Enquirer: 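If you scroll down you'll find the structure; I have some questions about it.
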Amino acid sequence: MSVVSIDRLRLNKQLAFERNLLRELTFTEVQNDVSKRFQRFFHSFQVYESAIKEEAVEQAMEAYLLGAEASQFILMGEGIEDIQKRYEAELGTIALDFFDYLEYWQQASGINGWFVVKAEKSCEEFVDTWWKIGLERGERRRRLKLD
């Protein structure tokens, strides 16, 4: 009989939870949201398809999993506003990093018409939306004890 550390068990449980949660997330669902929010900022279809779309999906998944992680606090009785304040810094970092990435590609494509304020707001709303979706789905999985 071997001894397994509690940290390893927690990590395995977290990975299983995230894996099962990601199965609920459809790629089409994320892609449609990405296209709706960000394709208008990039006139070059090639730049959008090759660089922006993939990174946006990655950022959506990051926010989604962060929201799912935060869902544990709902079960402890915390309000959504309190939970959102707890994750405000991380969500802000994700949104800002993604905005910086978009700004780089906008400058690299050399096309004017970049609406900085609208793009920054879109990034914040995008991250917030996927965080809330993850929060909702994570809470449901936890309540139903699916993991």
Side-chain angles (χ1 to χ4, degrees), residues 7-144 146-147:
D7 291 334
R8 181 178 291 226
L9 289 174
R10 283 185 184 147
L11 179 62
N12 288 341
K13 186 173 181 178
Q14 180 183 358
L15 289 174
F17 177 70
E18 288 179 358
R19 206 174 298 120
N20 290 330
L21 202 62
L22 285 172
R23 286 187 184 127
E24 293 181 18
L25 185 66
T26 64
F27 192 64
T28 308
E29 178 183 20
V30 178
Q31 275 188 324
N32 289 339
D33 189 36
V34 169
S35 294
K36 182 179 76 176
R37 291 180 194 265
F38 301 109
Q39 192 168 11
R40 63 189 166 152
F41 294 120
F42 293 90
H43 304 290
S44 169
F45 183 75
Q46 185 177 2
V47 169
Y48 174 76
E49 281 293 316
S50 65
I52 306 306
K53 199 175 188 181
E54 188 175 311
E55 181 66 21
V57 169
E58 205 172 298
Q59 297 300 326
M61 287 174 38
E62 185 73 30
Y64 178 79
L65 290 175
L66 197 60
E69 175 189 307
S71 68
Q72 66 185 324
F73 299 114
I74 289 179
L75 299 180
M76 293 178 188
E78 282 190 47
I80 293 178
E81 295 81 23
D82 294 332
I83 297 169
Q84 197 161 15
K85 284 179 186 171
R86 180 184 291 219
Y87 283 87
E88 191 174 316
E90 289 171 295
L91 293 171
T93 301
I94 293 170
L96 186 60
D97 288 348
F98 184 47
F99 172 72
D100 287 343
Y101 183 82
L102 292 179
E103 191 168 38
Y104 166 79
W105 279 103
Q106 180 63 30
Q107 290 173 358
S109 65
I111 298 172
N112 293 330
W114 180 237
F115 302 107
V116 175
V117 176
K118 286 184 180 179
E120 191 170 11
K121 185 74 173 161
S122 289
C123 289
E124 290 170 1
E125 290 172 353
F126 178 71
V127 168
D128 189 53
T129 298
W130 285 104
W131 182 81
K132 287 178 180 173
I133 291 170
L135 186 72
E136 176 187 300
R137 291 183 185 173
E139 178 190 10
R140 191 192 60 195
R141 287 195 73 81
R142 289 178 196 278
R143 286 194 190 278
L144 295 174
L146 293 175
D147 292 310

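Small disclaimer: the values here were computed from a predicted structure and weren't measured.
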Enquirer: Answer yes or no: does atom CD of Glu54 have more than 12 heavy-atom neighbours from other residues, nucleotides or ligands under 6.0 Å?
Expert: no
Enquirer: Please check if the side chain of Arg142 supplies one atom and the backbone of Ala68 the other of a donor-acceptor pair under 3.5 Å.
Expert: yes
Enquirer: Rounded to the nearest 0.5 Å, how far apart are CD of Glu69 and CH2 of Trp131?
Expert: 10.5 Å
Enquirer: Anything under 30° is parallel, anything over 60° is perpendicular, the rest tilted; go ahead and classify Phe73 against Tyr87.
Expert: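 Answer is tilted, since the angle falls between 30° and 60°.
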Enquirer: Once rounded to the nearest 0.5 Å, what's the spacing between atom CD of Glu24 and atom CD1 of Ile133?
Expert: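 It is 12.0 Å, given to the nearest 0.5 Å.
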Enquirer: Report, as yes or no, whether the 6.0 Å neighbourhood of atom CD on Glu139 holds more than 12 heavy atoms from other residues, nucleotides or ligands.
Expert: yes
Enquirer: Which heavy atom of Gly138 sits nearest a heavy atom of Phe17, and at what distance?
Expert: CA-CZ, 4.0 Å
Enquirer: What is the distance from atom CD1 of Ile74 to atom CZ of Arg140, rounded to the nearest 0.5 Å?
Expert: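 The CZ atom of Arg140 is 13.0 Å from CD1 of Ile74, to the nearest 0.5 Å.
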Enquirer: If you count every heavy atom of other residues, nucleotides or ligands that lies below 6.0 Å from Glu120 atom CD, does the total exceed 12?
Expert: yes
Enquirer: Can you confirm whether more than 12 heavy atoms, excluding those of Ile80, are under 6.0 Å from its CD1 atom?
Expert: no
Enquirer: Relative to each other, are the rings of Phe126 and Trp130 parallel, tilted or perpendicular (30° and 60° limits)?
Expert: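 Taking Trp130 first and then Phe126, their aromatic rings stand perpendicular (interplane angle over 60°).
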Enquirer: Measure across Ala95 and Cys123 and return the closest heavy-atom pair with its distance rounded to 0.1 Å.
Expert: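 Scanning both residues, the minimum pair turns out to be O-CB, 3.8 Å.
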Enquirer: Take Thr129 and Arg37 through the test side chain to side chain donor-acceptor pair (under 3.5 Å) and record every step on the way to the result.
Expert: CA-CA 12 Å; Thr129 298; Arg37 291 180 194 265; 3.1 Å; yes
Enquirer: Measure across Val30 and Ala60 and return the closest heavy-atom pair with its distance rounded to 0.1 Å.
Expert: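 Minimum heavy-atom contact is CG1-CB, 3.8 Å.
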Enquirer: Short question: side chain of Tyr64, backbone of Leu21 - any donor-acceptor pair under 3.5 Å?
Expert: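 Here the side-chain-to-backbone pair exists.
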Enquirer: Answer with yes or no whether the side chains of Glu55 and Gln59 bring together a donor and an acceptor at under 3.5 Å.
Expert: yes
Enquirer: Decide yes or no for Lys132 and Gln84: does some side-chain heavy atom of the first lie under 4.5 Å from some side-chain heavy atom of the second?
Expert: yes
Enquirer: Give, for atom CG of Leu65 and atom CG of Leu25, the distance between the pair rounded to the nearest 0.5 Å.
Expert: 8.5 Å
Enquirer: Distance from Lys118 atom NZ to Glu125 atom CD, nearest 0.5 Å?
Expert: 12.0 Å
Enquirer: Taking Phe38 as the fixed residue, which of Tyr48, Phe99, Phe98 is the one that meets the ring-ring contact (aromatic ring centres under 6.0 Å, His included) rule?
Expert: Phe98
Enquirer: Nearest 0.5 angstrom please: Asn12 CG to Asp7 CG, how far?
Expert: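 One finds 11.0 Å between CG of Asn12 and CG of Asp7.
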Enquirer: Quick one: are Glu124 and Asp128 in side-chain contact, heavy atoms under 4.5 Å?
Expert: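 Answer no - side chains too far apart.
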Enquirer: Answer yes or no: is there an ion pair linking Arg86 with Asp82, defined by an N-O contact shorter than 4.0 Å?
Expert: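 No.
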Enquirer: Can you give me the closest heavy-atom contact between Tyr101 and Ala51, atom names plus distance?
Expert: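 Closest pair (atom of Tyr101, atom of Ala51, distance): OH-O, 3.1 Å.
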